[in-house]
Amino acid sequence: MQPHYSPREIEAQAQAAWEAAEAFTAKEDPSRPKYYCLSMFPYPSGKLHMGHVRNYTIGDVLARFHRMRGYNVMQPMGWDAFGLPAENAAIASGVAPARWTYDNIAYMKKQLKSLGLAIDWKRELATCRPEYYRWNQWLFLRMLEKGIAYQKTGLVNWDPVVQTVLANEQVIEGRGWRTGALVEKREIPMYYLAITRYAEELLAELDNLPGWPEQVKLMQKNWIGKSHGVRVGFPYTLPEGGSGILWVFTTRADTLMGATYVAVAAEHPLAAFIEECKKGGVTEAEIATQEKKGMPTGLTVTHPLTGEALPVWVANYVLMGYGEGAVMAVPAHDERDFEFAKKYGLPIRTVIAAPGGGTEREAPAAAMTEHGVCINSGKYDGLGFEAAVDAIAADLAAKGLGEKKVTWRLRDWAISRQRYWGTPIPIIHCEACGEVPGPDEDLPVVLPEDLIPDGSGNPLAKCERFLRCTCPRCGRAARRETDTMDTFVDSSWYFLRYCSPDAASMVDERVDYWMPADQYIGGIEHAILHLLYARFWTKVMRDLGLATVSEPFANLLTQGMVLNHIFFRKGEKGGITYFAPDEVEVHRDAKGLITGAVCKADGQPVEYGGIGTMSKSKKNGVDPQALIDQYGADTARLFMMFAAPPENTLEWSDAGVEGAWRFLNRLWKLVHAHVEKGVVPAYGGGSLPDGLKALRRQIHATLQKVTDDIGRRKTFNTAIAAVMELTNALGRVNDDSPLARAVVQEGLELVVHMLWPIVPHICEALYAELRPGARLMDATWPEVDQDALVEDEIDLVVQVNGKLRGQIRVPRDADRAAIEALARANPNVQKFIDGLTIRKVVVVPGRLINIVAN
RNA sequence: GCGAAAGUGGCGGAAUUGGUAGACGCACUGGACUUAGGAUCCAGCGCCGCAAGGCGUGCGAGUUCGAGUCUCGCCUUUCGCACCA
């Protein structure tokens with residue numbers, strides 16, 4: 001056996017052996033339980049980043065573990081290949097997005113392979129290929145038929161200089177990122193998917209997902225935002241004649257008697273699209289944090305119960321997309337209304353009693369938003385929240401000016417993008433027939449791959465060979481739609497295509513074998529949008545009879561981000577220059593805290609910016625390739641899995657990598673030393689002296705813990721820590737007797753089994769030394785020997801008044817009286833109970849005894 | 001602003017069901033080996049204290065025989081907010 005661990009060699013060998021055996025090619029096999037291990041597919045941005053390495057290593061550990069446990073495992077991989085960065089690359093360097101994307105895929109695939117992932121590459125897909133996106137188009141047409149897809153107008157960010165729609169990401173402090181021009185809101189026609197039709201099911205089925213983290217389910221629940229309220233009508237008469245009813249939605253109908261004005265969104269039909277409100281972005285965060293602004297419309301509406309005339313204001317805090325796009329304002333009991341009323345001097349009328357019992361303060365200092373009893377509300381005085389809502393809703397209904405209503409925060413999904421690098425929307429514009437769905441025979445509507453965007457508009461709009469077509473209805477010359485689909489469409493069903501990657505239809509019956517995915521792994525940042533869209537899309541496919549599955553992901557693991565230190569220098573003009581961590585020398589104080597740093601190149605100080613997510617712009621990324629080249633894939637995988645539990649953020653540490661490397665070297669040397677003395681059969685029974693009995697107990701206790709940590713808890717860091725402890729214990733054995741060597745042999749064999757999911761290459765190599773000719777890729781997960789775990793005596797902790805005062809060793813089955821007697825006999829315990837009266841003795845079996853005395 | 005999480009030694013983290021706080025690793029200190037050490041091995045390592053012991057899980061209260069863990073209030077950080085993926 002080689003005395004030194006050389007990862008380059010053994011990793012190439014192991015990967016070649018897996019490939020030759022086609023070990024990870026998955027085939028449907030109804031005789032075995034299946035395990036579909038799915039990781040979020042990467043966007044081919046150029047090269048792998050640490051987040052990818054972490055994501056795919058977690059998936060690989062679970063895939064390999066379940067394979068050893070006897071499951072029929074399928075772990076696929078693909079490319080989320082459409083999107084904005086390819087267009088940005090084209091703008092920056094003139095390369096066609098297609099070319100850039102395919103080059104990146106080729107490079108990143110090589111990188112993924114060097115990590116030694118147990119992936120079935122036969123199922124690989126890229127969403128920018130016509131054979132994939134044709135089914136986006138096909139399903140879109142089916143949705144149009146069902147009325148799930150429809151057209152209406154929506155708001156976008158408009159850069160007036162380049163005459164282009166901008167993504168929210170491209171708007172920086174209200175200005176276009178390349179032009180610096182003030183961005184305007186603009187209303188344009190778009191296609192929507194009616195995800196709100198599925199709101200009730202998307203909400204209800206969260207309860208059927210025990211394998212999802214509670215916080216993700218809660219975030220989805222809040223996002224869907226089912227709320228029970230009342231739709232209230234405020235009649236009005238326009239000065240020039242006409243009349244109508246202004247409808248609002250409120251969850252606080254009990255405060256209707258306190259309404260002092262009505263506010264509508266800037267895009268509400270009652271308001272003109274007011275110039276002032278055109279400015280600023282379209283994101284909810286921006287709207288919620290901007291200064292409350294508004295203006296009176298000059299109109300008034302009639303309070304449906306009191307008949308009072310209330311002014312109508314346009315307010316920038318009212319969202320057109322939610323409820324009715326208009327609200328009744330009750331400043332006394334809503335914070336936003338309160339702030340607005342203060343600013344514009346509108347009246348504030350308290351109609352709910354404050355919890356303290358205070359009643360009619362003229363000028364409250366803040367809105368009282370709690371539920372309470374109605375006051376100053378005429379016939380409703382004294383009613384609680386529910387009674388008041390019921391009574392008011394009934395009175396409104398009698399007048400035809402209201403009813404109880406359920407409203408959702410969730411909005412329909414706008415999928416139109418005014419971009420080139422995406423799935424063409426299969427719609428044909430005909431002068432005579434209008435917007436006509438493209439016929440199925442035309443699919444796929446192929447995206448030309450040789451166009452190069454320049455940042456102004458969509459190059460498809462100038463591409464005659466793409467645009468020209470005939471109207472399927474009247475046969476006259478027509479033009480194709482140039483909008484493409486949101487890339488969330490691509491990622492909403494790729495996991496279904498993996499199940500039948502070569503199907504002639506969108507999917508085939510193999511989806512019913514593999515789905516749902518038994519484990520889905522990806523970034524927490526996708527907790528809402530991607531996961532919600534994927535759930536919706538799956539349900540639509542189910543309702544079209546394409547699959548039987550309702551919920552695509554049985555278990556969800558949301559991994560944390562990978563962070564690193566940030567260093568920067570502020571320029572004279574306020575610009576910030578970032579420095580990579582390896583470009584600076586860090587200064588620490590006596591406690592090890594970072595106090596400052598200097599740039600190695602010029603010796604001048606740089607500022608320390610704390611810890612943040614690895615990103616290109618902050619130059620704090622670490623290239624995984626350099627890590628793999630220097631230490632090998634196993635060290636990279638081990639460090640990633642050991643440094644933090646998967647849900648936590650992970651701080652990058654060069655020293656931590658060294659630690660992982662050292663452990664693998666120690667393990668190699670330990671097996672080498674053992675093997676050089678000759679391999680022996682693993683311990684197979686017979687009586688053991690106390691020391692070896694304890695070692696064997698540790699071996700099987702470790703196996704039990706690691707099985708639970710990987711399989712149930714998914715805390716790979718604690719599994720590794722336990723194996724490290726066991727390895728240290730095995731290394732301390734200084735006994736060459738046949739019995740001792742047999743126990744160590746058993747221990748080492750179990751160690752390489754337990755570590756195979758995490759560091760498969762080195763384990764494959766070590767196992768071949770421990771059992772010449774054997775391969776771990778064919779091995780099964782070992783069984784815990786329950787007999788080895790049994791202990792005759794156990795240690796108990798003794799506390800006096802909750803403080804640790806001693807330890808006692810008692811027989812495993814000692815009774816309460818015996819334990820108490822032993823505890824009271826302990827000299828240190830006696831010292832602390834001396835002179836006190838014992839009030840109570842708490843015995844926790846197997847753990848501790850607490851003597852309460854005073 | 002709204003929604004969701006997190007906060008434990010010098011650092012990453014462990015403590016799984018309310019029951020020994022600090023496993024494992026890193027950093028650091030001392031020693032061994034060595035021509036050499038940025039290799040390897042051994043030992044120590046929360047804070048205060050000579051010790052006995054006391055204190056200690058972001059801050060402040062509370063429940064309990066017992067709280068890192070449960071409850072309430074606050075502070076800080078991170079993620080998401082619908083056109084980044």
Side-chain angles (χ1 to χ4, degrees), chain A residues 40 42-43 45 80 82-85 154 156-157 165-171 213-216 218-219 221-223 225 282-290 317 321 335-336 410-419 486-488 491 523-530 532-533 558 560-561 563 588-593 610-613 639 642-645 647-651 653-660 662-663 665-666 669 705 708-709 712-713 715 717-718 720-725 728 795-799 801-804 807 839-842 844 847-853:
Chain A
M40 290 184 188
Y43 178 79
S45 54
D80 190 11
F82 274 138
L84 204 51
V156 294
N157 303 300
V165 175
L166 298 183
N168 285 339
E169 191 192 47
Q170 298 173 313
V171 179
E214 285 304 319
Q215 74 264 27
V216 173
L218 190 55
M219 277 193 267
K221 188 179 167 198
N222 291 337
W223 185 263
V282 299
T283 72
E284 191 178 326
E286 226 169 331
I287 290 162
T289 52
Q290 71 196 348
Y317 69 93
E335 274 163 30
R336 290 161 306 175
L410 182 67
R411 308 201 296 261
D412 280 345
W413 173 14
I415 58 157
S416 296
R417 297 291 179 271
Q418 298 69 45
R419 303 255 171 69
D486 183 1
T487 56
F488 274 126
S491 56
I524 181 71
E525 66 273 21
H526 297 290
I528 296 177
L529 289 177
H530 161 62
L532 197 62
Y533 291 147
T558 51
M561 307 235 174
L563 315 179
R588 291 170 188 271
D589 65 12
K591 292 196 163 184
L593 293 170
I611 288 199
T613 56
F639 167 72
F642 182 58
E647 292 89 350
N648 280 27
T649 56
L650 184 150
E651 276 181 39
S653 156
D654 289 325
V657 174
E658 285 281 346
R662 274 204 291 269
F663 171 72
N665 275 281
R666 275 204 304 278
K669 277 193 283 188
K705 178 170 174 57
D708 188 49
D709 281 357
R712 180 182 63 91
R713 299 175 67 207
T715 52
N717 55 327
T718 55
I720 293 165
V723 176
M724 282 177 171
E725 283 185 79
N728 292 343
D795 289 315
L796 286 190
V797 162
V798 187
Q799 296 179 335
N801 291 330
K803 293 203 193 253
L804 176 65
Q807 283 205 346
R839 303 288 174 196
K840 188 173 175 182
V841 177
V842 181
V844 183
R847 284 203 180 265
L848 59 66
I849 167 166
N850 186 17
I851 300 170
V852 184

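Order of the sequence lines fixes the chain letters, A, B, ..., with proteins taken first and strands second; residue numbering starts at 1 for each chain. Not measured: the values here are computed from a predicted model.
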How long is the line joining CG of L804(A) and P of rG22(B), in whole Å?
10 Å
rU40(B) to rC33(B) separation - C1' atoms, rounded to the nearest Å
9 Å
Hey, does the side-chain of R712(A) have a donor or acceptor N/O within less than 3.5 Å of a partner on the base of rU16(B)?
yes
Is the phosphate of rG12(B) approached by N648(A) (side-chain N or O, under 4.0 Å from OP1 or OP2)?
no
So what does L848(A) hit on the nucleic acid, given a heavy-atom distance under 4.0 Å: a base, only sugar-phosphate, or nothing?
base
Quantified in whole Å, what is the C1' atom distance between nucleotide rA14(B) and nucleotide rG25(B)?
11 Å
To the nearest angstrom, how far is L84(A) atom CG from rC84(B) atom C1'?
7 Å
With a 4.5 Å limit on heavy-atom distance, are the side chains of M219(A) and I524(A) in contact?
yes
Presence of donor-acceptor pair under 3.5 Å, side chain of E651(A) and base of rC11(B):
no
Wobble G-U and Watson-Crick pairs count when both distances are under 3.5 Å; given that, what is the 5' to 3' dot-bracket string of RNA chain B, with | for pairing to other strands?
(((((((..(((......[....))).(((((.......))))).(((....)))..(((((..]....))))))))))))....
Say we look at rU63(B) and rC72(B): how far apart would their C1' atoms be, to the nearest angstrom?
11 Å
Interatomic distance at C1', rG68(B) relative to rG13(B), whole Å
14 Å
Heavy-atom nearest pair, V165(A) first then Q418(A), reads CG1-OE1, 3.3 Å
Counting the atoms with a prime plus P, OP1 and OP2 as sugar-phosphate, which does E647(A) contact under 4.0 Å by heavy atoms, base, sugar-phosphate, or nothing?
nothing
Answer yes or no: side-chain N or O of R419(A) and base N or O of rC83(B) forming a donor-acceptor pair under 3.5 Å.
yes
At 4.0 Å (heavy atoms only), tell me whether V171(A) reaches a base, stays on the sugar-phosphate, or touches nothing.
nothing
Nucleotide nearest E725(A) when distance is taken to its side chain, options rA82(B), rC24(B), rG3(B)
rC24(B)
Using a 4.0 Å heavy-atom cut-off, does H526(A) contact any base of the nucleic acid, only the sugar-phosphate backbone, or nothing at all?
base
Select base, sugar-phosphate, or nothing to describe what Q799(A) touches, counting heavy atoms under 4.0 Å on all strands.
base
Looking at rU20(B), does its base get a donor-acceptor pair with the side chain of K803(A) below 3.5 Å?
no
Taking CZ from F642(A) and P from rA14(B), how many angstroms apart are they, rounded to a whole number?
10 Å
What is the nucleic acid contact for V156(A), judged by heavy atoms within less than 4.0 Å: base, sugar-phosphate only, or nothing?
base
Of I720(A) and F488(A), the one whose closest nucleotide on RNA chain B sits nearer the 5' end is I720(A)
How is Q170(A) classified with respect to the nucleic acid when contacts are heavy atoms under 4.0 Å: base, sugar-phosphate, or nothing?
nothing
What do you reckon, is CZ of R839(A) surrounded by more than 12 foreign heavy atoms closer than 6.0 Å?
yes
Nearest nucleotide by nearest heavy atom, which residue falls closer to the 5' end of RNA chain B, T715(A) or N728(A)?
T715(A)
Let's see if you can work this out: which of rU40(B), rG13(B), rC81(B) has an atom nearest to the side-chain heavy atoms of P645(A)?
rG13(B)
Donor-acceptor side-chain pairing of D709(A) and T718(A) below 3.5 angstrom
yes
At under 4.0 Å between heavy atoms, what does W413(A) touch on the DNA or RNA strands: base, sugar-phosphate, or nothing?
nothing
Nearest to the side chain of T289(A), which nucleotide is it out of rU20(B), rG3(B), rG1(B)?
rG1(B)
Across the strands shown, which category fits V797(A) at heavy-atom distances under 4.0 angstrom: base, sugar-phosphate, nothing?
base
Does rC81(B) have OP1 or OP2 under 4.0 Å away from a side-chain N or O of R411(A)?
no
Any side-chain heavy-atom pair from L532(A) and L410(A) closer than 4.5 angstrom?
yes
Which nucleotide sits closest to the side chain of I528(A): rG80(B), rA4(B), rA82(B)?
rG80(B)
In short, A167(A) meets R419(A) closest at the heavy-atom pair CB-NH2, 3.3 Å
Provide, to the nearest angstrom, the distance between the CG atom belonging to N168(A) and the P atom belonging to rA85(B).
11 Å
When the C1' atoms of rA61(B) and rG10(B) are compared, how many Å lie between them, rounded to an integer?
31 Å
Classify N717(A) by what it touches in the nucleic acid, base, sugar-phosphate, or nothing, heavy-atom distance under 4.0 Å.
sugar-phosphate
With a 4.0 Å limit, can you tell me whether K840(A) has a side-chain N or O closer than that to the phosphate oxygens OP1/OP2 of rU64(B)?
no
Please report, rounded to the nearest Å, how far the C1' atom of rC24(B) is from the CZ atom of R666(A).
10 Å
Under 4.0 angstrom, heavy atoms only, what part of the nucleic acid is P42(A) near: base, sugar-phosphate, or nothing?
nothing
Mind calculating the distance between CE (M724(A)) and P (rA14(B)) to the nearest angstrom?
14 Å
Determine the minimum heavy-atom distance between M40(A) and G523(A), stating which atoms define it.
SD-N, 3.8 Å
For A527(A), answer base if it contacts any base atom (sugar-phosphate contacts may also be present), sugar-phosphate if it contacts only those atoms, and nothing otherwise; contact means non-hydrogen atoms under 4.0 Å.
nothing
Suppose you measure atom C1' in rA27(B) against the same atom in rC11(B); what distance do you get, rounded to whole Å?
7 Å
Locate the shortest heavy-atom distance separating N850(A) from G802(A); write the atom from each residue and the value.
OD1-N, 2.9 Å
Checking understanding here: a glycosidic angle within 90° of 0 is syn, the rest anti, so what is rG9(B)?
syn
Listed nucleotide nearest any side-chain atom of E525(A), set rC79(B), rC84(B), rG1(B):
rC79(B)
For E335(A), look at atom CD and say whether over 12 heavy atoms of other residues, nucleotides or ligands are found less than 6.0 Å away.
no
With heavy atoms under 4.0 Å as the rule, sort L650(A) into base, sugar-phosphate or nothing.
nothing
What integer number of Å spans the P atoms of rC70(B) and rU8(B)?
16 Å
Base, sugar-phosphate, or nothing: which does K705(A) touch, judged by heavy atoms less than 4.0 Å apart?
base
Does a nitrogen or oxygen in the side chain of T487(A) sit under 4.0 Å from OP1 or OP2 of rA85(B)?
yes
Close side-chain approach of F663(A) and I720(A), heavy atoms under 4.5 Å
no
Measure across N168(A) and N157(A) and return the closest heavy-atom pair with its distance rounded to 0.1 Å.
OD1-ND2, 2.9 Å
Nearest whole Å is fine: how far is rA21(B) P from R847(A) CZ?
12 Å
Considering only rA82(B), rA27(B), rU20(B), which nucleotide approaches the side chain of Q807(A) most closely?
rU20(B)
Looking at rA15(B), I'd like to know if its phosphate oxygens (OP1 or OP2) sit under 4.0 Å from a side-chain N or O belonging to R713(A).
yes
When rounded to whole Å, the CG to P distance for the pair L563(A) and rU77(B) reads 15 Å
Could I get the full list of ring-ring contact (aromatic ring centres under 6.0 Å, His included) partners for F488(A), not counting sequence neighbours?
Y533(A)
Between rC47(B) and rG1(B) - P atom distance, rounded Å
39 Å
